[in-house]
Amino acid sequence: MNHLIAPSILAADFANLQRDIELINKSDADWIHVDIMDGMFVPNISFGFPVVNAVNKYATKPLDVHLMIVDPDRYLNNFKEAGASGMTVHYEACPNLHRTVQHIKELGCRACVALNPHTPVAVLEDIILDLDMVLIMSVNPGFGGQKFIENTYKKLKDIKALARRYNPELYIEVDGGVDMSNADKLLDAGANVLVAGNSVFSAPDPLVAITNLKKSGSGSRS
Ligand code: DX5
Ligand code: ZN
């Protein structure tokens, strides 16, 4: 499968959000990654439903909503209404993960589970068949612009091996510190969705940065 690019609007200019959404609309990006932080599961607070609604009003690409919040079940319906096409919940935040995943699917959304850097992929063995996507965090969640954690490659290989066995169609997303210095290696290790915040929006030309990420990977090179 050709890999997908999901720019994270956490790194966008919130005073010019419409402009930055329209930039993503006309780019080679596939999804728009929307980071929700509650100040509890992670030490930071990002934004809530009114902002997601506003993004959805201008976005022409699917919203990939990453919920870094405790007890996300409380808000799944709201995020669906706000325009989510896929929803990611954290393994570490969901004691009844199977129920949460079924709820996301009943809402007609792509169901994804994220793993923090310290959580081994083996914990997903008995639910991977029910998932549309797994998100491997390559930084500790909570902030953009952090340093990429090298152990991510090993985890991508591990989840790819599980996916081959149980769910070959699984999307494998990687999030945190993704840029042109590691994109090829991440794709080789098994990722097929790259999230990028800082490396896109701090680039001299974000459109070019997105195109370069889209062209990454040995399969796509001419
Ligand atoms: C981190 C978020 C990421 C973040 C990535 O908690 O989940 O999506 O926006 O930002 P960069 O690409 O700057 O590391
Ligand atoms: Zn994210």
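When a ligand or atom number is given, it counts from 1 through the structure's own listing order. Predicted model, so just to flag it, every value in this text is computed and none were measured.
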Show the nearest heavy-atom pair for residues Leu186 and Leu156, with the distance to one decimal. CD2-CD1, 3.6 Å

Is there side-chain contact between Asp30 and Lys214, with at least one heavy-atom pair below 4.5 Å? yes

I'd like to know whether OH of Tyr91 has more than 12 heavy-atom contacts from other residues, nucleotides or ligands below 6.0 angstrom. no

Distances under 2.8 Å only: what protein N/O/S atoms are near the Zn ion (ligand 2), ordered by chain and residue? His33 NE2, Asp35 OD1, His66 ND1, Asp175 OD2

Given the rule in the side-chain hydrogen bond (donor to acceptor under 3.5 Å, both in side chains) test, do Glu22 and Gln18 qualify, once you have shown the distances and angles that lead to the verdict? CA-CA 6 Å; Glu22 284 168 353; Gln18 182 182 346; 3.1 Å; yes

Could you tell me whether the side chains of Asp64 and His66 share a donor-acceptor contact shorter than 3.5 Å? no

Within the supplied structure, the quantity of interest is the number of heavy atoms (other residues, nucleotides, ligands) at a distance under 6.0 Å from Phe47 CZ; does it exceed 12? yes

dist Thr152:OG1 -> Lys154:NZ (nearest 0.5 Å) comes out at 11.0 Å

In terms of hydrophobic clusters joined by side-chain contacts under 4.5 Å, are Leu76 and Leu97 together? yes

Is there any protein N/O under 3.5 Å from an N/O of ligand 1, and what does the full list of such pairs look like?
{"from": "ligand 1", "atom 1": "6 (O)", "to": "Gly142", "atom 2": "N", "distance (Å)": "2.8"}
{"from": "ligand 1", "atom 1": "7 (O)", "to": "Asp35", "atom 2": "OD1", "distance (Å)": "3.0"}
{"from": "ligand 1", "atom 1": "7 (O)", "to": "His66", "atom 2": "ND1", "distance (Å)": "3.2"}
{"from": "ligand 1", "atom 1": "7 (O)", "to": "Asp175", "atom 2": "OD2", "distance (Å)": "2.9"}
{"from": "ligand 1", "atom 1": "8 (O)", "to": "His33", "atom 2": "NE2", "distance (Å)": "3.3"}
{"from": "ligand 1", "atom 1": "8 (O)", "to": "Asp35", "atom 2": "OD1", "distance (Å)": "3.1"}
{"from": "ligand 1", "atom 1": "8 (O)", "to": "Asp35", "atom 2": "OD2", "distance (Å)": "2.8"}
{"from": "ligand 1", "atom 1": "8 (O)", "to": "Asp175", "atom 2": "OD1", "distance (Å)": "2.7"}
{"from": "ligand 1", "atom 1": "8 (O)", "to": "Asp175", "atom 2": "OD2", "distance (Å)": "2.9"}
{"from": "ligand 1", "atom 1": "9 (O)", "to": "Ser8", "atom 2": "OG", "distance (Å)": "2.8"}
{"from": "ligand 1", "atom 1": "9 (O)", "to": "Asp35", "atom 2": "OD2", "distance (Å)": "2.9"}
{"from": "ligand 1", "atom 1": "12 (O)", "to": "Gly197", "atom 2": "N", "distance (Å)": "2.8"}
{"from": "ligand 1", "atom 1": "13 (O)", "to": "Gly145", "atom 2": "N", "distance (Å)": "2.8"}
{"from": "ligand 1", "atom 1": "13 (O)", "to": "Asn198", "atom 2": "N", "distance (Å)": "2.9"}
{"from": "ligand 1", "atom 1": "14 (O)", "to": "Gly177", "atom 2": "N", "distance (Å)": "2.8"}

Quick check on the hydrophobic clustering: are Leu124 and Met137 connected, directly or via other members, by side-chain heavy-atom contacts under 4.5 Å? no

